[in-house]
Amino acid sequence: MERIIMHCDMNNFFASVEILLNPALRGLPVAVCGSVEERRGIVLAKSEEAKKCGVKTGDAIWQAKQKCPDMLVVPPHYDRYLMCSKLAHKVYYRFTNKIEPFGIDECWLDLTGYKGNSTDLAYKIKEEIKKELNLTISVGVSFNKIFAKLGSDLKKPDAVTCIPESDFKEMVWGLPVSDLLGVGSSTYRKLKRIGVMTIGDLANLDSNFVRKMLGKNGVALVEAANGKDYSPVRLYDKQIPIKSIGRGITCVEDLFSIDEVNKVLIMLSQIVAAKLFENNLKAGGLQLAVKANDLTYRLFQCRMPVNTFSSYEIADKAKEIFKTEYDWFKPVRALTVRAINLTSADLPYQPDLFQSFSNHEKYVKLEKTMNLIRGKFGNGAVALAATCGNIKTPENHDKMWL
Amino acid sequence: MKFRIGQKELSEVVAVVSKAVAVKGIKAILSNFHITVSENKVRFVGTDQEVMMISSVNANVEQTGVFTIPAKLLQEIISSLPSDENSEVMFELEDEESGRMAIKSGRSRFELQIQSAEEFPPVPVIESEGSFVVNRESMLQALKETVIAINTEETNPVQRSIFFDFSNGDAPVMASTDSKRLAVTKVKDLVLPEELRKSFIVPARAIPEIMKLLENREEVHLALYGSQLLFSTSKDQFITRLVDGQFPDYARILPKSSSHNVKMARKDLVQAFKVVAPIARNINGQVQFDFGQNEVKVWSDARESGLAEHFIPCELDGEPMNIAFNVKFLQDFVSSIADEEVVIEMTTSSYPGLFRPGNPDSDFKYVVMPMFVAR
């Protein structure tokens, strides 16, 4: 049976949600942008009108304003986006339980087995979203996930594009190879160098040759270009096991001392610890990413002495890694703390005979208590004292708790 | 340089000394034997800078000298020779310039590249081996009992050691802990001389070699050599560095009283652990005990992965109780003793349990911290 896979992409998602919640913005060039003060002043999403002026996602605000002087800048509201995304999933769920979200605003749907016309069905889904959420989506309909995604990108906004198995060569092979999901900038450069410009060029490459040049991902890309992507759409209810939990932040000013860095590490560790607790997990290892003010990255990793969800222990380890590994060749701009090698917090654990070897139990108790307080009075209700005062992080951490 | 050694004596000395040779190449020279050829003896030295083994063998020496030679290669060559009680191995440095040692035995001939002994760590000159002779059996027994609580994967060297608490020289004690469990025992019939009435933290690395020396049917002398410990027999000298650190206050951990005492047959426990261990492995090794008056249920519940139960008879003095331990720790204990019975003394399910052999004369105490469920 031919598979029916759809890819639904919510058009200009952040900007559309902002307009939805503030109808006065409708018809105007609107851009959702990060804050300039927090040094994240780039365009995250834009309305159709701003798009027409040439504003692109990723533009700095001043660049965008040059292209579109009347552009209205609004700050992002992630909680609203998350809510709208969940509501859209609910609509999709009426049609199938095979829904695989891809980011906050995209989803694959598997509707294999539908007896009627699949294009008509796509229109029906699109119209229901428009009717109920007042948001538009682009839908790609095809026989695999990669072409469905390609289809939804072909016509925007508020459109349906069908790439049937019988016609895919005519429809797809002439498109630029960079349109294919999985062809990122580095793969694109390599392909361009050997004269591969279209998806058709890629489809006709010899797989042994591709394996040598791009490895096994390259072979998968050639297969995909030939319509041979058989990857399934996950069940919506199926919990994907969490592999890691991390939080990162770009500081409002560069950090120059170990004290400044430690405060930010404690703040991040606190959120990571709370997320571990919420998901009933413990960290077996820790990763620390440090971005210097010249935008270069350093990544450090180590094992935890005991598996833990304690913010104290995670912060201590993060501080220790930073102190021993970072050579201060440049001041620090951004930091990310990530818990890895996660294990279930339900597993029995072996306490220590000698309290002098560790204060683990004490910290575990403290963390549980802090999380109880947060559950009752909100995330801001209790925090480690070290995170008080000026810690050069953006004022509002709320979205980091999402 | 030219000498001859009986093949049997040579393979013995090589086997003994190779144990102290560095396995991983920290410094290339440490993977060599240091060999000193003197009047009628050849002395072999191996070291990884934590321990050092010195052993001499009688030889027929024509020309003396000092050199180092790759230990693993020499050992392989010697063991490749056909075993013959009476055959001899001949070493000869035919050409000083090339530094190639010719080794001949029977119909075989080898040439090995030797290296100068200059870079080898200095080999101490041990004038007296000390007159103190240890009681081999009791020392060996104490080591066998305490070696089980060492965790060689620990990074803290104190948790990879045996503590020789000889400060009370009339009742010396050995202890070891990886911080989750503690093994403590007395070394019987050992009255120490004044200079050894101290405490020493002996690294795990040295323990198997010390045990091997004690297993031989020869007098073993113990002496303090600088800040190191020296074990010697008539042929071999073994020196170990001591761990610099503070051994935790083990006496504080030994339970002073108990409210639930239970006695079981050791072989029953061995069987029970064998049954539950495969399931327990899925939940960090946790095995639970439900102690009743006459029977104990030994079980492990790994939820999705499965469940195992095993019932064994017991004699319980106290109220029925439940407690959980790491099965690996308990297996280490039951396989380290030979007694028919095992006694466990407990207070509550969150307080350390004391395991000891059924024999009331034994001073061996094994204290294990129970396991908890995280939430």
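Quick note: numbers below take in every heavy atom, side chains included, and nothing from hydrogens, waters or symmetry partners. Residue numbering restarts at 1 for every chain, and letters A, B, ... go by the order of the sequence lines.
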Item to check | For B:Tyr250, all residues meeting side-chain hydrogen bond (donor to acceptor under 3.5 Å, both in side chains), sequence neighbours excluded | outcome: B:Asp165
Next on the checklist: Given 3.5 Å as the limit, does a donor-acceptor pair link the side chain of B:Gln286 with the main chain of A:Tyr349, or not?
Outcome noted: no
Item to check | Derivation and outcome, side-chain contact (heavy atoms from CB on, under 4.5 Å), residues B:Ser179 and A:Leu353 | outcome: CA-CA 6 Å; B:Ser179 90; A:Leu353 269 174; 5.8 Å; no
Checklist entry - Can you tell me if CZ on A:Arg333 sees more than 12 non-hydrogen neighbours from other groups inside 6.0 Å? => result yes
Checklist outcome for this item: If one checks every heavy atom of B:Phe329 against chain A at 4.5 Å, the contacting part turns out to be side chain
Checklist entry - Would a 4.5 Å heavy-atom cut-off, applied to side chains only, mark B:Phe372 and A:Pro351 as touching? => result yes
Next on the checklist: Is it the case that atom CZ in B:Phe163 sees more than 12 heavy atoms from other parts of the structure closer than 6.0 Å?
Outcome noted: yes
Item to check | Neighbours of chain A found in residues 316-323 of chain B - heavy atoms under 4.5 Å | outcome: none
Checklist outcome for this item: On a heavy-atom basis, the closest approach of B:Met371 and A:Gln350 is CG-OE1, 3.2 Å
Checklist entry - What's the spacing between A:Asp352 CG and B:Asp178 CG if we round to 0.5 Å? => result 9.0 Å
Item to check | Greater than 12 external heavy atoms within 6.0 Å of B:Lys256's NZ | outcome: yes
Next on the checklist: Can you confirm whether B:Asp244 is buried at CG, in the sense that more than 12 heavy atoms of other residues, nucleotides or ligands lie under 6.0 Å from that atom?
Outcome noted: no
Item to check | Set of residues satisfying side-chain contact (heavy atoms from CB on, under 4.5 Å) with respect to B:Arg197, sequence neighbours excluded | outcome: B:Asp170, B:Val191, B:Leu192, B:Glu194
Item to check | Atom pair CD1 (B:Ile283) and CG (A:Asp346), whose distance is rounded to the nearest 0.5 Å | outcome: 11.0 Å
Item to check | side-chain hydrogen bond (donor to acceptor under 3.5 Å, both in side chains) against B:Lys180, all qualifying residues, sequence neighbours excluded | outcome: none
